[in-house]
Amino acid sequence: MKYFFICLCFFLQACSTLKVPSTFQYKEITTSTYTLASWQKLTNSYSPIRIYVEGDGYAFDQNGKATNDPTPISTIVRELAFNDYNPNVIYLARPCQFIQNALCTKDCWSIGRFSQNAIQALYEASKKIAKQQEIIFIGYSGGALLTGLVIQEYKDLNVIKWITLAGLLDHKAWSDYLHLYPLTKSLNLNSLPTINQIHFIGEKDKVIPLNLQRKITKNKNLYIIKNATHNKNLEQIFPLIYQE
């Protein structure tokens, strides 16, 4: 099992302090499976709601062992969300990040990170937040696949655009490409959704390799970030994401 590679590249990111803007409020969203942590800025009942979905977080330690708490060390997704000037912005954590319940086992953030329970939680949380308003999903890393699975499975959500950043789009193709242990308790996309979408990927990303991303997207709607890795030098395209 090449969990060490996943751990080293995917999850161990530098810890930094982050001030939450006064415009955002912390709210816990209860679903039928997990309670999800969120920070919310909702100021316009007519504009689309931009939902930023976190990556897989601190799921593995430096020895490649599943941790007891997948709460992200990196603040990059929160920074991206908190600096978004649009009127309706949500930062949404993944299951078992920040908040844990009886369903939270290590499978939830390892081989089962894209389980039906996780998909259901994101759907219900998004539905509670948006009701009938339009949604723009922005998924980072593993959050990309989870948002794609929600789009694929729940057509009643009014999702008008799908944006991914350093996004995992096909976990089977990814694990095969890098010779990693398969995510045996996870669902996968049948194909990329047909909605309006754009995928931002780092030129030097070793976690989600550019060649793999090209193959999955067929070079459509793909924006390559110069000199960027999976978690460094991504800030240069934040303004582009805000404009989408």
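Throughout, residue positions are numbered sequentially from 1 according to the sequence presented.
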Which value, rounded to the nearest 0.5 Å, describes the distance between [X] atom [atom1] and [Y] atom [atom2]?
{"X": "Asp205", "Y": "Asn211", "atom1": "CG", "atom2": "CG", "answer": "11.5 Å"}
{"X": "Leu234", "Y": "Phe200", "atom1": "CG", "atom2": "CZ", "answer": "11.0 Å"}
{"X": "Tyr58", "Y": "Asn68", "atom1": "OH", "atom2": "CG", "answer": "9.5 Å"}
{"X": "Glu79", "Y": "Lys19", "atom1": "CD", "atom2": "NZ", "answer": "14.5 Å"}
{"X": "Leu145", "Y": "His171", "atom1": "CG", "atom2": "NE2", "answer": "6.5 Å"}
{"X": "Asn233", "Y": "Asn227", "atom1": "CG", "atom2": "CG", "answer": "6.5 Å"}

Contact summary for [X] and [Y], nearest pair of heavy atoms:
{"X": "Pro193", "Y": "Ile151", "answer": "CB-CG2, 3.8 Å"}
{"X": "Arg78", "Y": "Pro72", "answer": "NH2-O, 3.5 Å"}
{"X": "Thr33", "Y": "Asn101", "answer": "O-ND2, 3.0 Å"}
{"X": "Leu36", "Y": "Ala125", "answer": "CD1-CB, 3.8 Å"}
{"X": "Leu178", "Y": "Pro209", "answer": "CD2-CG, 4.0 Å"}

How about [atom1] on [X], more than 12 heavy atoms from neighbouring residues, nucleotides or ligands closer than 6.0 Å, or not?
{"X": "Lys185", "atom1": "NZ", "answer": "no"}
{"X": "Glu203", "atom1": "CD", "answer": "yes"}
{"X": "Lys128", "atom1": "NZ", "answer": "yes"}

Exercise. Sub-3.5 Å donor-acceptor pair from the side chain of Gln133 to the main-chain atoms of Ser45, do we have one?
Worked result: yes

Exercise. Where the side chain of Trp109 meets the backbone of Thr67, is there a donor-acceptor pair that is under 3.5 Å apart?
Worked result: yes

For this session: Test side chain to side chain donor-acceptor pair (under 3.5 Å) on Tyr177 and Asp170 and set out the steps.
Result: CA-CA 11 Å; Tyr177 188 89; Asp170 180 333; over 6 Å; no

For this session: Verify side chain to side chain contact (heavy atoms under 4.5 Å, CB included) between Tyr91 and Val77, making sure each step is shown before the conclusion.
Result: CA-CA 8 Å; Tyr91 166 84; Val77 185; 3.8 Å; yes

For this session: Assign the ring pair Trp39 / Phe82 to parallel, tilted or perpendicular, where the plane angle (0 to 90°) is split at 30° and 60°.
Result: perpendicular

For this session: Taking side-chain hydrogen bond (donor to acceptor under 3.5 Å, both in side chains) as the test, write out the residues that go with Asn219, two or more places apart.
Result: Arg214

Exercise. What residue among Leu157, Thr31, Asn158 forms side chain to side chain contact (heavy atoms under 4.5 Å, CB included) with Lys127?
Worked result: Leu157

Exercise. Considering only heavy atoms from C-beta outward, does the side chain of Ile225 approach that of Leu165 to under 4.5 Å?
Worked result: yes

Exercise. Does anything in residues 80-90 pair up under side chain to side chain donor-acceptor pair (under 3.5 Å), and if so which pairs, sequence neighbours excluded?
Worked result: Arg50-Asp84, Tyr52-Asp84, Asp84-Asn86

Do [X] and [Y] have side-chain N/O donor and acceptor atoms under 3.5 Å apart?
{"X": "Thr217", "Y": "Gln213", "value": "no"}
{"X": "Tyr34", "Y": "Glu124", "value": "no"}
{"X": "Thr71", "Y": "Asp69", "value": "yes"}

Exercise. Between Phe60 and Lys106, is a side chain to side chain contact (heavy atoms under 4.5 Å, CB included) present by the stated rule, with each step listed?
Worked result: CA-CA 10 Å; Phe60 295 88; Lys106 291 182 180 181; over 6 Å; no

Problem set entry | SG atoms of Cys108 and Cys96 less than 2.5 angstrom apart | no

